[in-house]
Every structure is written in structure tokens, then in C-alpha cells.
Number of protein chains: 2
Amino acid sequence: MELSPTMERFVLHWGEMGTRWGVSRSVAQVHGLLYLSPKPLTADEIVSTLSIARSNVSASIKELQSWNLIQTHHVMGDRRDHFSAISDPWEAFMLIVEGRKQREIDPTLTTLRQCVEASPDDKGLSKESAKRIEETLEFLELLTSWYEDVRRVPRPLQLKILKLGGKVAKLLGKA
Amino acid sequence: MELSPTMERFVLHWGEMGTRWGVSRSVAQVHGLLYLSPKPLTADEIVSTLSIARSNVSASIKELQSWNLIQTHHVMGDRRDHFSAISDPWEAFMLIVEGRKQREIDPTLTTLRQCVEASPDDKGLSKESAKRIEETLEFLELLTSWYEDVRRVPRPLQLKILKLGGKVAKLLGKA
DNA sequence: ATGTAATTTCAGAAATTTCTGAAATTAAAG
DNA sequence: CTTTAATTTCAGAAATTTCTGAAATTACAT
């Protein structure tokens, strides 16, 4: 797998974006590469294309699998794994959102609930602060329940609503 | 400013979340503290509460200001700055989204447009890869235009739509 | 079973990020 | 203008994260 200039630009940028969104450069580069590749790649092809250590590729693949962003394929007479990425941008996006929700939002909800529960017994906690925490919890719960709802809507309808954009407001403003 | 157990739990968690979302622990802790505090705090109060260096607080404040997440107040007869955080969770959330859009999405759109523009001349680039990049750009543009639309909707209506959740789909599914 | 290819683990190296504390700068008060 | 308080800058220290390469493990093939 040789990278054309455009692919290289894409993969490098993808890698940098990864570092800003909480995954390592390598993980994001591997994802970017698989995402662009017309055919599934073996770990060794990834190694030679990106010039990173075999073990790094192994770890990156494992990480991407934990996000459900890549799939494994098998080729007759070849015992190596071949990897490909989810190629639909909308589906990939939703998988990333789901992963971050589970990794970060859910634990935050747990912490906030513990805070709210402990508030009444905390003599050093001002009413204002306690209220602020409660409001934060309520907001995050509202946001996650919205997400859980939206997540279940069939893809075509999701797309439709996304394309409506601000018109949704106009339609519902009256309702 | 002494931290009660609940405030401490909140601030420490906020700090850890920060590290996962691309800001340093200190920046997130300072924000968490100001967010909870019933009254604006001086830099030195933040220093003693969080036990971090004065210069670190200074840098963190600067960072938070660049996100428009905090405000500066002045007290008669006191030449120190007093800082407070945006206390409405929804507004804070929107400011964070806006900041990330500007810092990460916009540059990505630029890169993708460059890629799409360069594609035809890139002999090494497969049709499939070129198409993948175009689709990604289209998706991101769709997402940002949706965001730009939603951003302009009046807050109360935004809230209303958020609360409707999946019902929006039911209402619009027929439309 | 034995050999070989593929993959994973893991300890430490390298790179990056974050933080500190001293020095410099800015700005208000006397 | 001088003094003092407040803030910022910045070089290097500390902490953290990421990556490598050798060794171990796993799994397939003969």
C-alpha cells in the first residue's frame, strides 16, 4: 500500500485530529488509512505504509476494534487478518459518539449522581454549588436521553432531519 | 475557598474529563472550580484551593477566556481580577462546541477541500479513495450546516426540541 | 508433535504535554 | 517618579503518554 500525496495528506491530518480528540496519532492514522483503503489491509501492510512498529499497529487495531470502527476479513489460503474500516461517514460518526458516551459521559453521570446524593450531608457545600451540580446533571441527562432517542431513529430519517436543519425549528416553533 | 468533599469530587472528575477532551487537567479544574463557586474568585484563591502554581492558573484562565467560558469582574478598592464561569450548562456546552468547531472541524474542512481539489491530479489515488474523501467532506459540511442552523435558533426553542427527542422523528416522519 | 507464521505482551525509550518557579513585565498607588 | 501589587512569560523539570523492539504466546500447517 503506497500512499498517494492526497492519501498521505488525509492520513496525516486524521492523525493530528486524533490527538486532539483523545486517541493517539497512530490509532487515528491506522483508522484513516483503513478508512481510505479500497481493500482490506493486513497489519504488515499498515506497518510498511505508515512506518510504525508492528506492535503499535496491533495495539491500534485492538483500540479501533473496541470502538467497532473496523472489521476483520479472512482470505482463502491466507492466515493473516485483513482489516477494513466502516466506510459510511455517518455510521462511523455515530460509533464514535457512542464510544465517547460510554467512556466519558456515563462515568460523569455516575459521578454527578453521587455528588447530588451526597450534597445534603455536605455541610461545607453551599446551596448555590449544590444547585449548580444538580442542573448540570439534569442537563447531561436531557442530552443523553435526546441522544438515545435519536440513535434509535432509522438512518434515512436521521439524515432527513439533519438536512432540514434550522427548518425543524420553524416547523416545531408553532407546534 | 475551601473545597467541600462534594466540590472536590466534582472538580477532580471535571479535571480528569478535561484530559480526555483535549484540555489539560489544570484548565478543566479551574473551570470546574469557577463553575461551582457561588462568587467570583481571584487567581490567588484558585491557587490555594487547587494547589497549583500561580503561573499555571494564569495560563488556564487565558485558555478559558479563549473559549469564552469565563468572565472577569472588578471589585471596588481591589485591583485584582475576579473570575467567574458561565453558569448555564446549556450555554457552556454550546461555547465548548463552538470552540471545538473552530479549532478542529474548520481546519479539517479546509484539509478535506484541499484533498478533493487535488484528487484529479493525483495519479496514485484510487477512485474509491477519492470518493471516500468527498463523502467525508459532504458529511462534515452537512453536519456543520446543521450546527450553524441550530446555533441560531432561540434558546427556549432549542430546549423544546431537545426535550422532544425522538418525537421529532415521529412528527417529521410523515412530513 | 513439531515447526513456522502471525500476533500480542510488556519493559523501557522516546516524545510530548503539562507544570513549576524565577524573572520580567505591566499597571496601579503613593 | 518610585514603590509595590498583580500578572505574564518562559526555560527547564516533572509527569504522562506514546511508541518501539525483543520476547512470549497463540494458532495454524505439515
Side-chain angles (χ1 to χ4, degrees), chain A residues 1 11-34 40-67 70-84 103-104, chain B residues 1 11-34 40-67 70-84 103-104:
Chain A
M1 189 80 199
V11 169
L12 290 179
H13 182 83
W14 215 244
E16 291 317 302
M17 280 308 106
T19 65
R20 295 179 171 253
W21 289 90
V23 296
S24 77
R25 188 188 325 278
S26 302
V27 169
Q29 282 185 358
V30 170
H31 180 253
L33 174 61
L34 293 177
L41 302 177
T42 65
D44 279 321
E45 285 174 309
I46 298 171
V47 167
S48 66
T49 307
L50 299 180
S51 306
I52 59 180
R54 179 65 182 77
S55 56
N56 195 3
V57 170
S58 177
S60 296
I61 285 170
K62 214 176 146 194
E63 169 85 4
L64 291 170
Q65 282 170 334
S66 80
W67 291 81
I70 61 175
Q71 294 161 335
T72 306
H73 307 267
H74 295 102
V75 174
M76 280 295 287
D78 184 349
R79 62 207 250 200
R80 297 169 303 175
D81 285 336
H82 293 243
F83 303 96
S84 68
R103 278 156 234 242
E104 284 120 27
Chain B
M1 190 81 198
V11 170
L12 290 179
H13 182 83
W14 215 243
E16 291 317 303
M17 280 307 106
T19 65
R20 293 179 172 254
W21 290 90
V23 294
S24 77
R25 185 186 330 270
S26 302
V27 169
Q29 282 185 358
V30 170
H31 179 253
L33 174 60
L34 292 177
L41 302 177
T42 64
D44 279 320
E45 285 174 310
I46 298 171
V47 167
S48 67
T49 307
L50 299 179
S51 306
I52 60 181
R54 179 66 182 77
S55 56
N56 195 3
V57 169
S58 177
S60 297
I61 285 169
K62 213 175 145 195
E63 170 86 3
L64 291 170
Q65 281 170 334
S66 80
W67 292 80
I70 61 176
Q71 295 162 334
T72 306
H73 307 267
H74 295 102
V75 174
M76 280 295 285
D78 184 348
R79 64 207 247 201
R80 297 169 304 175
D81 285 335
H82 294 241
F83 303 97
S84 68
R103 278 157 235 244
E104 283 120 29

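Here is the naming used below: chain letters follow the sequence lines, and residue numbers restart at 1 for every chain.
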Among residues 53-61 of chain B, which contact DNA chain D at a heavy-atom distance under 4.0 Å?
Arg54(B), Ser55(B), Ser58(B)
Restricting to non-hydrogen atoms, name the atom on [X] and the atom on [Y] that form the minimum distance, rounded to 0.1 Å.
X: Asn56(B); Y: Ser26(B); value: ND2-OG, 2.8 Å
X: Gln29(B); Y: Gly15(B); value: CG-CA, 3.8 Å
X: Arg103(B); Y: Ser66(B); value: NH2-O, 3.1 Å
X: Gly18(A); Y: Ala28(A); value: CA-CB, 3.7 Å

Rounded distance (nearest 0.5 Å) linking atom [atom1] of [X] with atom [atom2] of [Y]:
X: Phe83(B); Y: Gln71(B); atom1: CZ; atom2: CD; answer: 11.5 Å
X: Ser60(B); Y: Ile46(B); atom1: OG; atom2: CD1; answer: 8.5 Å
X: Glu63(B); Y: Ile70(B); atom1: CD; atom2: CD1; answer: 10.0 Å
X: Leu64(B); Y: Lys62(B); atom1: CG; atom2: NZ; answer: 12.5 Å
X: Arg79(A); Y: Thr42(A); atom1: CZ; atom2: OG1; answer: 14.0 Å
X: Arg80(B); Y: Leu41(B); atom1: CZ; atom2: CG; answer: 10.5 Å

Under a criterion of less than 4.0 angstrom to any heavy atom of chain A, what are the 5'-terminal and 3'-terminal contacting nucleotides of DNA chain D?
dT18(D) to dA29(D)
Taking C-beta and beyond as the side chain, do Gln65(B) and Thr72(B) meet within less than 4.5 Å on heavy atoms?
yes
Check whether any side-chain heavy atom of Asp81(B) sits under 4.5 Å from a side-chain heavy atom of His74(B), and report yes or no.
yes
How does each nucleotide of nucleotides 25-30 of chain C score, in 5' to 3' order, for protein heavy atoms under 4.0 Å: base (B), sugar-phosphate only (S), or none (-)?
--BBS-
Which residue, Leu34(B), Leu50(B), Val30(B), Thr49(B), forms the side chain to side chain contact (heavy atoms under 4.5 Å, CB included) with Val11(B)?
Leu50(B)
Mapping Ile52(B) and Thr19(A) to their closest nucleotides on DNA chain C, which lands nearer the 5' end?
Thr19(A)
Which of residues 24-31 of chain B sit near DNA chain C, with a heavy atom under 4.0 Å from it?
Ser24(B), Arg25(B), Ser26(B)
Please report the end-to-end axis angle for the helix from dA1(C)-dT30(D) to dG30(C)-dC1(D), five pairs per end, rounded to 10 degrees.
20°
Rounded to whole Å, how long is the line connecting atom CG of Asp44(A) with atom P of dA5(C)?
12 Å
Taking only residues at least two apart or on different chains, which pairs with a member in residues 14-33 of chain A satisfy salt bridge (charged side-chain N to carboxylate O under 4.0 Å, His left out)?
Glu16(A)-Arg25(A), Arg20(A)-Glu104(B)
Which part of the nucleic acid does Asp81(B) contact within heavy-atom distance under 4.0 Å: base, sugar-phosphate only, or nothing?
sugar-phosphate
Ser58(A) (side chain) donor-acceptor with Arg54(A) (main chain) under 3.5 angstrom
no
